[in-house]
Participant: 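I have a structure I would like to understand better, so I am pasting it below and will then ask my questions one at a time.
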Amino acid sequence: MNMKFAMIFSFTLTGCVSFNMGDGMFIVQGSTAGDCLLSISKQDDSLVSHNIREVAGLFSQDFVVSPNEEKYSASLLCDNQVLRQKTFVYPTEIRVGGVLHL
């Protein structure tokens, strides 16, 4: 009975590790002269409200994303114009907990 339990337990642990469970996270830092919108989106997706933040002055905002490798775009929109934009691959170019300077 103990051997059966040990096998099931080890398969459960192995399965959780191989499926890449959990979240990814990175930080976007920068500065603005006024009120702006900071957005993060996947290259092939539309914006969703939890990936849009109001920022002003010096800012540092964290974003939770999929742990899988994806191409993202970070944009700073001020007065209805894109002030700055960067495209990057997470977690290859910006690591887990890393900082993107915008």
Side-chain angles (χ1 to χ4, degrees):
M1 190 70 153
N2 288 337
M3 181 62 139
K4 191 176 188 179
F5 176 75
M7 288 177 58
I8 291 171
F9 183 71
S10 68
F11 287 136
T12 302
L13 286 178
T14 305
C16 290
V17 171
S18 65
F19 287 120
N20 207 5
M21 296 179 93
D23 292 323
M25 188 277 288
F26 59 89
I27 300 164
V28 180
Q29 292 180 344
S31 64
T32 67
D35 295 335
C36 298
L37 292 177
L38 172 64
S39 66
I40 300 295
S41 62
K42 290 182 187 178
Q43 283 299 109
D44 56 350
D45 283 349
S46 59
L47 290 174
V48 289
S49 62
H50 65 271
N51 286 339
I52 301 172
R53 313 280 168 77
E54 293 180 10
V55 295
L58 292 174
F59 64 85
S60 180
Q61 296 286 323
D62 61 297
F63 290 88
V64 176
V65 294
S66 165
N68 301 322
E69 187 171 289
E70 298 274 356
K71 193 172 197 177
Y72 288 91
S73 180
S75 301
L76 189 62
L77 182 71
C78 305
D79 296 324
N80 293 322
Q81 294 184 357
V82 177
L83 186 62
R84 283 180 233 131
Q85 186 170 20
K86 282 190 182 178
T87 301
F88 59 96
V89 178
Y90 175 86
T92 306
E93 297 172 344
I94 301 294
R95 293 266 187 227
V96 176
V99 177
L100 174 68
H101 297 280
L102 191 61

Participant: Passes side chain to side chain contact (heavy atoms under 4.5 Å, CB included), I94 versus Y72? Steps please.
Facilitator: CA-CA 10 Å; I94 301 294; Y72 288 91; over 6 Å; no
Participant: Ignoring hydrogens, what is the shortest heavy-atom contact between S31 and L76? Give both atom names and the distance.
Facilitator: O-CD2, 4.3 Å
Participant: Using the side chain to side chain contact (heavy atoms under 4.5 Å, CB included) rule, take V55 and Q61 through it: C-alpha gap first, then chi angles, then the decisive distance, then the call.
Facilitator: CA-CA 9 Å; V55 295; Q61 296 286 323; 3.9 Å; yes
Participant: Specify the closest pair of heavy atoms between R84 and L102, including all atoms of both residues, with the distance to one decimal.
Facilitator: NH1-O, 2.9 Å
Participant: Working to the nearest 0.5 angstrom, can you tell me the gap between C36 SG and D79 CG?
Facilitator: 7.0 Å
Participant: Over all heavy atoms of both residues, which pair between P91 and E69 is shortest? Give the atoms and the distance, please.
Facilitator: CD-CA, 3.7 Å
Participant: Could you pull out the closest heavy-atom pair between F59 and L38, with the gap in Å?
Facilitator: CE1-CD2, 3.8 Å
Participant: Of the non-hydrogen atoms in N51 and F63, which two are nearest, and what is the gap between them?
Facilitator: O-CE2, 3.8 Å
Participant: When rounded to the nearest 0.5 angstrom, what is the spacing between SG in C78 and CG in L37?
Facilitator: 8.0 Å
Participant: Nearest 0.5 Å, please: how far is CD1 in I40 from OG in S73?
Facilitator: 7.5 Å
Participant: Mind checking side chain to side chain contact (heavy atoms under 4.5 Å, CB included) for I27 and listing every partner two or more places apart, or none if nothing turns up?
Facilitator: M25, Q29, S60, D62, V99
Participant: Are V28 and V96 connected, step by step, through hydrophobic side chains (Ile, Leu, Val, Met, Phe, Trp, Tyr) whose heavy atoms are closer than 4.5 Å?
Facilitator: yes
Participant: Got K86 and L100 here, is their nearest side-chain heavy-atom distance under 4.5 Å?
Facilitator: yes
Participant: Could you report the tightest heavy-atom contact between E93 and F88, atom names first, then the distance?
Facilitator: OE1-CA, 3.1 Å
